[in-house]
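Step one of this worksheet: look at the structure below.
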Amino acid sequence: MLQLLPLMIERVGILVIFAFLLSRIKIFRSIIHHESQWHDKLSLILIFGVFGIISNYTGVEILKGSISTHTWQHKLDVSSAIANTRIMGVAIGGMIGGPLVGLGVGLIAGLHRLTLGGFTALACGLSTIAAGLLTGLLGRKYSIKQDSACKAVIIGITMEIIQMLFILLIAAPFELAFELVKIIAFPMIVINGFGMLIFIYIIQNILLEEEKTKAAQTNIALNIAQSTLAYFRQGLNPESSKQVAKIMLKATNADAVSITNRSIVLAHEGLGGDHHIPLEKTSTKLTEKVLREGNILIAKKKDEIQCSNQACPLHAAILLPLKANNKTVGTLKLYFANPKNIQLVEYTLAEGLSKLFSLQLELAEAELQQKLWKDAEIKALQAQVHPHFLFNSMNTISALIRTDGEKARQMIQRLSTYFRSNIQGAKNMLIPLSQELEHVHAFLALEEARFPNKFIIKESIEPELKKVLIPPFTLQPLVENSIRHGFSKGTVGTITICAYREKDRMVLITEDDGKGMSEDTLYMIGQKNISSSTGTGTALWNIQERVKKLYAEKGKFTIESEWNRGTKVMITLPSKEPSIWREVDD
């Protein structure tokens, strides 16, 4: 028994070397990752089937209790058997590839063992087939890719024990079989278990290396994405594209980087810069194909790049589509001087970057649409300034100049404040409540000068809330609505403006005791523009929409009104919303 151990270690060493060399082959590494495909399963059957055949040939012959010195077994004596590492290859193949691979490897290794002869040929052949099938079934539950290596080793040892049982049950004569098991059981169980452990560690190392590579690629892609985000947020233009191309050139193995939109080259960095000139039309059919089909293309020959300059040093390229809103808006091209430099790593990285850049362009487009929306909203609110407001204000000031020069001067200052607030509101998404109140006070002063004693203003604002940021044109249009539409001619109305804190929110209320609204009007107001001789409800609709878009469920806009009793508008906003504060800082 002890004499057999070093010989078995020697055989396992041969197979471990074979396994290590196999692990360095790119095709084998690829198969390990994608063995779910039928052709990958067939490859695994052939690889581990050969592994089993080599194990048979390199086994140690046992002849009537004596250990033979032959190193390569071709044909065994009728009284002979062999101690080998066959079960190790069969078990690993089954656990990697499942029942189909396990059965296939077991058949190849088991049938080959039958051809060598010996009194254990049938027992070893059947046990090998059974081991392949069993380990394949167990491989579905215990994966050597995810579970600890100890589980796989235990399974391998169990298969070796089962083989010993087959020999005792099937091989004849029983006395010879029993004597054989006494000699080979311990060395084969121990050495096969040890060899299986090493083989599993080799396979798991392949998987670990792949995971590290993917992690490194992901890290590179995220770093590139982070570095390019500020530029792609500006959209696809020559300046932003130039900066992105520089970043890509430093961060990848490409020898040159180009970015195009649908018609011209926006930027080119690296080799070939003397003739790949920005702002010229895209000239290659390959680029046109990417723009048309929206798929990644690889050119591995200089002719495929179709560069007009015969001395161009760029001989290969990866062309990536840049998309926004499901439309291809441009291309990113990674050029290589040597086609061999385009490896799977480069392709995978390029594919990930294509998706990240496309997402960045979509975000840039969304930000642009948001800005356009804000500008449109503000312009719609500014357009609501009464067409004759400036004319009437100037007339009032003109009259005051003759009777009260000081008051005329104050009105000019108020008018200046009013229009300055209009301009500031158009430039900012949010402004302090104090600034909005300044806008309201300027408007009220001008209206009071024109229509003395038409309304009374009551104001109750908690001082600390004046610093809270709110959307511009939130209170002023509401106050204007009360004056223009709420009060009947000849009556004196009261407008109340108040702001108070309610837990972590601020409540803004504008209330009047004017004519109020009917139920039908109240139902439609703030939901959509309405047709009316006195107004369209655009201001209310705009305020409600901006509160909804800026604060979502954290903001609230409600209108209460009763005919001949007045109208109350209540706006609830976060008193300090971090994301909104950051937006203003930007």
Side-chain angles (χ1 to χ4, degrees), residues 12 15-16 18-19 22-23 27-57 59 84-116 120-167 169-170 188-189 191-204 206-207:
V12 166
L15 293 177
V16 167
F18 170 74
L22 198 62
S23 71
I27 295 175
F28 178 73
R29 298 169 74 91
S30 177
I31 291 171
I32 291 296
H33 286 282
H34 308 99
E35 75 279 355
S36 59
Q37 302 295 326
W38 68 267
H39 52 83
D40 292 328
K41 289 184 179 294
L42 181 61
S43 299
L44 286 174
I45 290 172
L46 293 175
I47 290 171
F48 286 100
V50 170
F51 195 94
I53 291 172
I54 294 174
S55 296
N56 287 330
Y57 279 134
N84 55 43
T85 56
R86 179 180 60 254
I87 291 294
M88 180 175 73
V90 173
I92 293 172
M95 293 201 68
I96 292 175
L100 180 62
V101 174
L103 182 60
V105 175
L107 284 170
I108 292 174
L111 293 175
H112 180 262
R113 173 64 186 88
L114 281 172
T115 64
L116 296 181
T120 62
L122 180 61
C124 290
L126 291 176
S127 65
T128 302
I129 296 171
L133 184 58
L134 286 172
T135 52
L137 292 171
L138 290 170
R140 287 181 172 179
K141 185 176 181 181
Y142 303 106
S143 172
I144 65 173
K145 294 182 179 182
Q146 299 173 351
D147 292 318
S148 67
C150 292
K151 289 182 180 179
V153 171
I154 291 171
I155 291 171
I157 290 173
T158 302
M159 294 303 109
E160 197 65 62
I161 293 172
I162 290 173
Q163 180 174 235
M164 297 299 120
L165 293 175
F166 266 77
I167 292 173
L169 292 173
I170 298 174
M188 286 184 64
I189 290 171
I191 297 304
N192 275 286
F194 175 70
M196 193 165 182
L197 179 66
I198 295 175
F199 205 129
I200 289 168
Y201 276 140
I202 289 173
I203 291 175
Q204 289 185 340
I206 293 173
L207 301 173

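Side chains included, hydrogens not; waters and symmetry mates left out as well; all remaining heavy atoms used.
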Identify, with sequence neighbours excluded, every residue that meets side-chain contact (heavy atoms from CB on, under 4.5 Å) alongside Ala130. Phe166
Of all heavy-atom pairs linking Gly89 and Val105, the shortest is O-CG1, 4.4 Å
To the nearest 0.5 Å, how far apart are CG in Leu42 and CG in Leu46? 5.0 Å
Minimum-distance pair of heavy atoms, taken over all atoms of Phe48 and Ile96: CZ-CD1, 4.0 Å
Compare every heavy atom of Met196 with every heavy atom of Ala91, then report the nearest pair and how far apart it is. CB-CE, 3.5 Å
Set out, in order, the CA-CA distance, both residues' side-chain angles and the distance that settles side chain to side chain donor-acceptor pair (under 3.5 Å) for Thr128 and Arg113, then state yes or no. CA-CA 9 Å; Thr128 302; Arg113 173 64 186 88; over 6 Å; no
Taking side chain as C-beta onward, heavy atoms only, is Phe51 less than 4.5 Å from Arg86? no
Name all residues meeting the side chain to side chain donor-acceptor pair (under 3.5 Å) criterion together with Thr135; count only those two or more places apart in sequence or in a different chain, and write none if there are none. none
Heavy-atom pair with the smallest gap, counting every atom of Thr85 and Ser55: OG1-OG, 3.2 Å
Measure the CG-CG distance between Leu111 and Leu126 for me, rounded to the nearest 0.5 Å. 9.5 Å
Which atom pairs, donor and acceptor, lie under 3.5 Å between side-chain atoms of residues 152-161 and protein residues at least two apart or in another chain?
{"from": "Thr158", "atom 1": "OG1", "to": "Ile154", "atom 2": "O", "distance (Å)": "2.7"}
{"from": "Glu160", "atom 1": "OE1", "to": "Asn192", "atom 2": "ND2", "distance (Å)": "3.1"}
{"from": "Glu160", "atom 1": "OE2", "to": "Gln163", "atom 2": "NE2", "distance (Å)": "2.5"}

Work out which heavy atom in Pro99 is nearest to a heavy atom in Leu137; give both atom names and the distance. CG-CD2, 3.8 Å
For Ile191, give me all partners under side-chain contact (heavy atoms from CB on, under 4.5 Å), at least two apart in sequence or on another chain. Leu5, Met8, Ile9, Val12
Taking Lys41 for the side chain and Leu100 for the main chain, is one N or O donor matched with an acceptor at less than 3.5 Å? no
State the CD1-CD1 distance between Ile92 and Ile47, to the nearest 0.5 angstrom. 12.5 Å
Working to the nearest 0.5 Å, report the span between SG of Cys124 and CG of Leu114. 9.0 Å
Once you round to the nearest 0.5 Å, how far does CD1 of Ile162 lie from CD1 of Ile87? 9.0 Å
Would a 4.5 Å heavy-atom cut-off, applied to side chains only, mark Ser127 and Ile167 as touching? no
Between Ile45, Leu133, Val90, Ile129, which is the residue that forms a side chain to side chain contact (heavy atoms under 4.5 Å, CB included) with Leu107? Ile129
Interatomic distance, Tyr201 atom OH to Leu197 atom CG [nearest 0.5 angstrom]: 5.0 Å
Is the closest side-chain heavy-atom distance between Met95 and Val101 below 4.5 Å? no
